Amino acid sequence: MRTTMLKSLRSSSTTLLRRSYSSESAPERKVAILGAAGGIGQPLSLLMKLNPLVSNLSLYDIAGTPGVAADVSHINTRSEAVGYMGEENLGKALEGADIVIIPAGVPRKPGMTRDDLFNINAGIVKGLCTAIAKYCPHVSMVNMVSNPVNSTVPIASEVFKKAGTYDEKKLFGVTTLDVVRAKTFYAGKAKLPVADVNVPVVGGHAGITILPLFSQATPQANNLSDEEIVALTKRTQDGGTEVVEAKAGKGSATLSMAYAGAIFADACLKGLNGAPDVVECSFVQSTVTELPFFASKVRLGKHGVEEVLGLGPLSDFEKQGLEALLPELKSSIEKGIKFANQS
């Protein structure tokens, strides 16, 4: 019975991965993960090792990466995994990368806001982006996971501008976890199959700057009250805090963030490979609002951002949420730009 169950699990997993990461004669693609030995980096490395669109998986961290690389390298999938440790090997890790994913940084602890992480993580991101500009200036896409994303993406843009390598089509703030949470919470409350649900999430990636557009959810559930939509919005905005508190000081949202990061990276790879109509929400340079950066639906393609899509029709509640988030998001963006331009 145990053998039968294991076979069933293996079969289900294989089917799921093929469905999620389908690939036929995929081109060679190198993906570099900076911060690969951390709480997000390790499960993200595992998930990217499972993606057949990846041919070369480059894992970097200041310590522990050879062990992570050795571990995942035993998995019988297409990509070759190599671990690089220490700043002196950062250039080797980055050279020739098509996509760079940055989950590096320290995690949140109970009572700590994303903004509390700023000084530490901002410095880490600034250093890594300086290295990207030096060692792989023509990288196809940079996926920023390190929090606070509302500030780290503007930091990256300023670093690349100074180096003369900035291309607004290639820099993405990964807000996919907000979408993943919104889908999960909405499906659960509306009693819909979660695999069929889609919910766009716009704005930023912290607190009230996260604005799920449940009025645009598909399939649309007519059994939810205004009060339930308000509660779902609040839970989506507070999803990170929910995990931090549940882990009681021993971690933050690492597994779900790794999953979200892998989903977005897979979309980027599909876009690079020419798959049609690849659309995900992401925090990018934008003219959707008066702010220089904003999260909304983005069409991905061979050159990164193919099109930044508009907000579409908003409910009155969502219009109020949009108005409320703009000042806070503006402040976070300006804080990142100011930090990047300090000596």
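Residues take their numbers from the sequence shown, with the count starting at 1. Small disclaimer: the values here were computed from a predicted structure and weren't measured.
The number of heavy atoms from other shown groups lying within 6.0 Å of CD (Glu290) is above 12. Counting heavy atoms of neighbouring residues, nucleotides and ligands inside a 6.0 Å radius, atom NZ of Lys161 exceeds 12 of them. Applying the 6.0 Å contact sphere to NZ of Lys297 captures no more than 12 heavy atoms from other residues, nucleotides or ligands. Residue-environment remark: CD (Glu307) exceeds the threshold of 12 foreign heavy atoms within 6.0 Å.
A side-chain contact (heavy atoms from CB on, under 4.5 Å) with Leu272 holds for exactly one of His303, Lys302, Arg29; it is Arg29. The side-chain contact (heavy atoms from CB on, under 4.5 Å) with Val145 is formed by just one residue from the set Leu177, Ile102, Ile101; it is Ile101. Here the rule is side-chain contact (heavy atoms from CB on, under 4.5 Å) with Lys338, and of Glu334, Lys335, Gln342 only Gln342 fits it. Checked against Leu34 for a side-chain contact (heavy atoms from CB on, under 4.5 Å), the options Ile62, Asp61, Leu90 give a single hit: Leu90. Between Phe160 and the options Asp167, Val139, Ile132, a side-chain contact (heavy atoms from CB on, under 4.5 Å) holds for only Ile132.
The hydrophobic cluster containing Val106 also contains Met257, counting ILVMFWY residues as joined when their side-chain heavy atoms lie under 4.5 angstrom apart, directly or transitively.
Residues Arg78 and Glu28 are paired through a salt bridge, judged by an N-O separation under 4.0 Å between the basic side chain and the carboxylate.
The nearest pair of heavy atoms linking Gly64 to Met85 is N-SD, 3.5 Å. In terms of heavy-atom proximity, Ile337 sits nearest to Pro154 at CG1-CB, 3.9 Å.
Side chain of Lys191 to backbone of Asn223: no donor-acceptor contact under 3.5 angstrom is found. Between the side chain of Thr175 and the main chain of Asp178, no donor-acceptor pair closer than 3.5 Å is present. Remark: the backbone N or O of Leu57 is not paired with any side-chain donor or acceptor of Ser79 at under 3.5 angstrom.
With contacts defined as side-chain heavy-atom distances shorter than 4.5 Å, the pair Pro27/Asn273 qualifies. Contact of the Tyr135 side chain with the Glu95 side chain is not registered, since no non-hydrogen atoms from C-beta on lie closer than 4.5 Å.
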request  = For side chain to side chain donor-acceptor pair (under 3.5 Å), just list the numbers for Ser157 and Gln285, CA-CA rounded to whole Å, side-chain angles, deciding distance to a tenth of an Å, and then say yes or no.
outcome  = CA-CA 9 Å; Ser157 73; Gln285 182 171 313; over 6 Å; no
request  = Mind running ring pair (Phe, Tyr, Trp, His ring centres under 6.0 Å) on Phe294 and Phe283 for me, showing each step along the way?
outcome  = CA-CA 5 Å; Phe294 195 81; Phe283 187 66; 7.8 Å; no
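Phe339 and Phe118 have perpendicular rings, their planes meeting at more than 60° on a 0 to 90° scale where under 30° would count as parallel.
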